[in-house]
There are 2 protein chains.
Amino acid sequence: MKVNQHIKVAVDAVVFGYTGNELELLLIQQKYGSEKNKWALPGGFLKDEEDLQTGVARELNEETGVNPNYLEQLFTFGSINRDPRGRVISVSYMALINPKNYVLKAATDASDAKWFSIKELPPLAYDHPEIVKKGLERLKSKIHYQPIGFELLNKEFPFSDLEKLYQTILDKSIDRRNFRKKMLSFGVLEETDKSYKPSSGRPAKLFKFNKRKYNELEEKGFHFEIKFA
Amino acid sequence: MKVNQHIKVAVDAVVFGYTGNELELLLIQQKYGSEKNKWALPGGFLKDEEDLQTGVARELNEETGVNPNYLEQLFTFGSINRDPRGRVISVSYMALINPKNYVLKAATDASDAKWFSIKELPPLAYDHPEIVKKGLERLKSKIHYQPIGFELLNKEFPFSDLEKLYQTILDKSIDRRNFRKKMLSFGVLEETDKSYKPSSGRPAKLFKFNKRKYNELEEKGFHFEIKFA
DNA sequence: ACAAAAGTGTTTTACATACACCCATGG
DNA sequence: CCATGGGTGTATGTAAAACACTTTTGT
C-alpha cells in the first residue's frame, strides 16, 4: 500500500475517579519533551499490531498502573497543530475507575502519575483541556441514561454515596427521596445484609448493582434513565 | 519525532439522504483494488496537512460532488485487520444532506457514486457495514434530541414531510396530532405564507426551521426533545 | 439529650398518550 | 360528489416534582 502519509496515531485516556467528595482526573507529568513539566493525559503512540482499545489500556497500565474495567471511545482529535512535535491524531477514551482499587505507580517511563480534583486541574499539555472537556460532557450526559456511575463506587455502597456521586458529577443538588425512589424502581439495585457505619449518624444499608439483572432488563427493552429537576 | 509506526489514517463518511419515502445512503463503487466492484463509503486517506473534518469533506466532494452542511464525527474504527491492504484506522463521520440539492458526479477518481435505500444495501467493502450501523444508530438516537432532521428536508416543507421523515428513520408510526403539537410547542418552526399542493388532497402550509431561534433558546437552557409511544 | 446522617409517603403538576372527525382541493 | 391528504382538541393516565418529619446510632 503506497500512501504518502506522515501522520502518527496516539491514544489518550480521560480517567475519572471518585473519592467520596470529589470527581478526580488521573494525570501524568511529562519529564521530557516539548511539554516538559506540564501534566498530561495518560496515553501514547499506538503500536502497529494493536487495537485502539488495547493500546489505551496498555498505555494506561504502563504509565499509571490502573486497569479500568470501563473504557469507551470518546472522540478523535486531529487538528493540524495540536502537537508541536508533528502531525499526531489522538483517539481519546474515557475510563472510569475506583481509585481505592489501585496504588498509582509512581514513575515508570519517565512520568509521575497523580489524581487531581477536576475543579483544580494543573496546566495541561497539548489540546488535552479540550479532550478533558469532551470526557466530562460525556460523563455528565451518560450517567443519565446508563448505569455507569457504579464503576466509580465500591462494589457495595450506601445509597448516599450514589446520591453524592450524582450530585458531584452533575454539580447540582438532587432531591434524596425522588432520587432513591427512581433508582430503586429500576430493580437493578440489590440490598445486601451488610451496613456501613458513618462517622456519625444512623448506619446505612449497603447496596450493590446487579449487572446481570440490568442486562436482562435491557434486552427486554428496558431503559435506565434518570432525570432531575 | 521518531516513532516507528506504520499506520495509515483514513476518513470515511456515512452520508444519509431522504427522498420523501426512503432513507438513503450514498455509496461509491470501487473500480480498483482488493475490494473491486464492491460498494463502499465515500472516503480516503487523510492528507498530512489537513484537519479530519476538512479531509472527509474533501473526499466527499471529490468522490461524489456533495458538500454537506451537517457533518459530525461518529467513531474511529481501528481493528487490526479491518483493511486487507494494511493497517488503516478510519475516522468516520456522519453527514446529512438533501439529495435534491445535488447531482451526483458520475465518475471522478475511478468511482461511481449512487444512492441506495438503507433497506437494500449492496455488499459493502471492508468493515463498512459496521460503520453504517454506527451511523444509523447515531441518526436514530440523535433526531430525538437534536433538530437535525431538517437537514434532510427542503428549506420549506409541509408538516407531513417532517412526520414521514421521523417515521421513516425510526421505522415506526407516530401519532400525527401529538407529533405536531410537540414539534410546534418548541417554537422553532415558522409557518411561511406559502403552501404546497400535493398530487391530491388539501394543500399544506409550508414551514421552515428557524435556526437562529433554536440557538437562542438553546442558550437559555432549552432542550429539543421529542419522544414517541 | 443532642448531633448527624438514614430512611420514608403523599399531594400536586405537567406531560405523554390515546383517540376521530371535519376541511380544502382536484378530478 | 368522491377521493385524497391536511388540519385540529379533549379526556385520561402516568411520571416528575415538591415537600418535612421520624429513626437509628454515637457521643
Side-chain angles (χ1 to χ4, degrees), chain A residues 19-21 141 143-145 153-154 156-168 170 172-208 217 221-229, chain B residues 19-21 141 143-145 153-154 156-168 170 172-208 217 221-229:
Chain A
T19 54
N21 291 303
S141 81
I143 54 166
H144 289 286
Y145 62 92
L153 300 177
N154 295 335
E156 307 193 334
F157 52 87
F159 218 96
S160 57
D161 274 16
L162 191 59
E163 241 175 77
K164 269 187 279 176
L165 174 69
Y166 270 79
Q167 293 184 134
T168 304
L170 298 175
K172 63 176 162 188
S173 64
I174 295 172
D175 182 281
R176 281 168 58 225
R177 283 175 287 189
N178 291 339
F179 180 79
R180 189 177 179 123
K181 202 188 309 168
K182 246 181 293 186
M183 267 292 175
L184 290 175
S185 75
F186 297 145
V188 298
L189 288 186
E190 252 171 40
E191 198 175 318
T192 68
D193 50 4
K194 295 170 211 154
S195 69
Y196 156 80
K197 314 231 183 229
S199 54
S200 89
R202 174 173 172 174
K205 298 176 209 160
L206 291 180
F207 288 82
K208 63 180 175 187
L217 288 170
F222 158 82
H223 287 286
F224 183 96
E225 188 169 6
I226 189 154
K227 291 192 181 166
F228 314 103
Chain B
T19 54
N21 292 304
S141 80
I143 53 166
H144 288 286
Y145 61 91
L153 300 177
N154 295 334
E156 308 194 333
F157 52 87
F159 218 96
S160 57
D161 274 14
L162 192 57
E163 244 175 76
K164 271 188 276 175
L165 174 69
Y166 270 79
Q167 294 185 135
T168 304
L170 298 176
K172 62 177 164 189
S173 65
I174 294 171
D175 183 281
R176 279 168 60 222
R177 282 175 287 189
N178 292 339
F179 179 79
R180 189 178 177 122
K181 203 189 308 170
K182 247 181 294 187
M183 267 295 175
L184 290 176
S185 75
F186 297 144
V188 298
L189 288 187
E190 252 172 38
E191 198 175 317
T192 67
D193 50 2
K194 295 169 209 156
S195 69
Y196 157 80
K197 314 233 182 225
S199 54
S200 88
R202 175 175 172 174
K205 297 174 208 161
L206 291 180
F207 288 82
K208 63 179 175 186
L217 288 170
F222 159 82
H223 288 286
F224 183 96
E225 190 170 4
I226 189 154
K227 291 191 180 167
F228 314 102

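Labels below follow one simple rule: chain letters A, B, ... track the order of the sequence lines, proteins then strands, and each chain is numbered from 1. Predicted, not measured: the structure shown is a model, and the values here were computed from it.
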Item to complete: Provide the start and end nucleotides, 5' to 3', of the part of DNA chain D that has atoms under 4.0 Å from heavy atoms of chain A.
Response: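 Using the under 4.0 Å cut-off, the span is D/dA17 to D/dT25.
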Worksheet item: Are the side chain of B/E190 and the backbone N or O of B/K208 linked by a donor-acceptor pair below 3.5 Å?
Response: no
Item to complete: Please confirm whether the backbone N or O of A/E156 pairs with a side-chain atom of A/Y196, one donor and one acceptor, at under 3.5 Å?
Response: no
Practice prompt. Over 60° means perpendicular and under 30° means parallel, so classify the ring planes of A/F228 and A/H144, tilted if in between.
Written response: tilted
Worksheet entry | Whether B/F224 and B/F186 hold their rings parallel, tilted or perpendicular, with breakpoints at 30° and 60° |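 Rings of B/F224 and B/F186: tilted, as their planes differ by 30° to 60°.
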Worksheet item: For B/P203 and A/F228, take the nucleotide of DNA chain D holding the closest heavy atom to each; which residue's nucleotide lies nearer the 5' end?
Response: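 First, find each residue's nearest nucleotide; the 5'-ward one identifies B/P203.
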Practice prompt. Check each residue of residues 157-166 of chain A for a non-hydrogen atom within less than 4.0 Å of any atom in DNA chain D, then write out the ones that pass by number, or none.
Written response: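 The stretch gives none, as no residue of it lies under 4.0 Å from the strand.
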Worksheet item: Hey, can you pull the residues of residues 175-187 of chain A with a non-hydrogen atom under 4.0 angstrom from DNA chain D?
Response: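 Here the set is A/D175, A/R177, A/N178, A/K181, A/K182.
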Discussion item. Within the 4.5 Å heavy-atom criterion, are A/D161 and A/F207 side-chain neighbours or not?
Written reply: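 A side-chain contact is absent here, since even the closest heavy-atom pair is not under 4.5 Å.
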Worksheet entry | Pairwise side-chain contact, B/F157 with B/L165, heavy-atom cut-off 4.5 Å (strictly under) | no
Worksheet item: At their closest point, which heavy atom of B/N21 faces which heavy atom of B/T168, and how far apart are they?
Response: O-CG2, 3.9 Å
Practice prompt. State, to 0.1 Å, how close B/K197 and B/P203 come at their nearest heavy-atom pair, and which atoms those are.
Written response: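 Here B/K197 and B/P203 meet closest at NZ-CG, 4.3 Å.
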Worksheet item: For C/dT8, does either OP1 or OP2 sit under 4.0 Å from a side-chain N or O belonging to A/K205?
Response: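 Affirmative; the distance criterion is met.
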Item to complete: Rounded to the nearest angstrom, tell me the gap between atom CZ in A/R202 and atom C1' in C/dA5.
Response: 9 Å
Item to complete: From the options A/R176, A/K172, A/R180, select the one residue that forms a salt bridge (Lys or Arg N to Asp or Glu O under 4.0 Å) with A/E163.
Response: A/R176
Worksheet item: Is the NZ atom of B/K182 crowded by more than 12 outside heavy atoms at less than 6.0 Å?
Response: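 Buried by this count: over 12 neighbours within 6.0 Å.
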Discussion item. Pick the closest DNA chain C nucleotide for B/E225 and for B/S200 by heavy atoms, then say which residue is nearer the 5' end.
Written reply: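 The residue mapped nearer the 5' terminus is B/E225.
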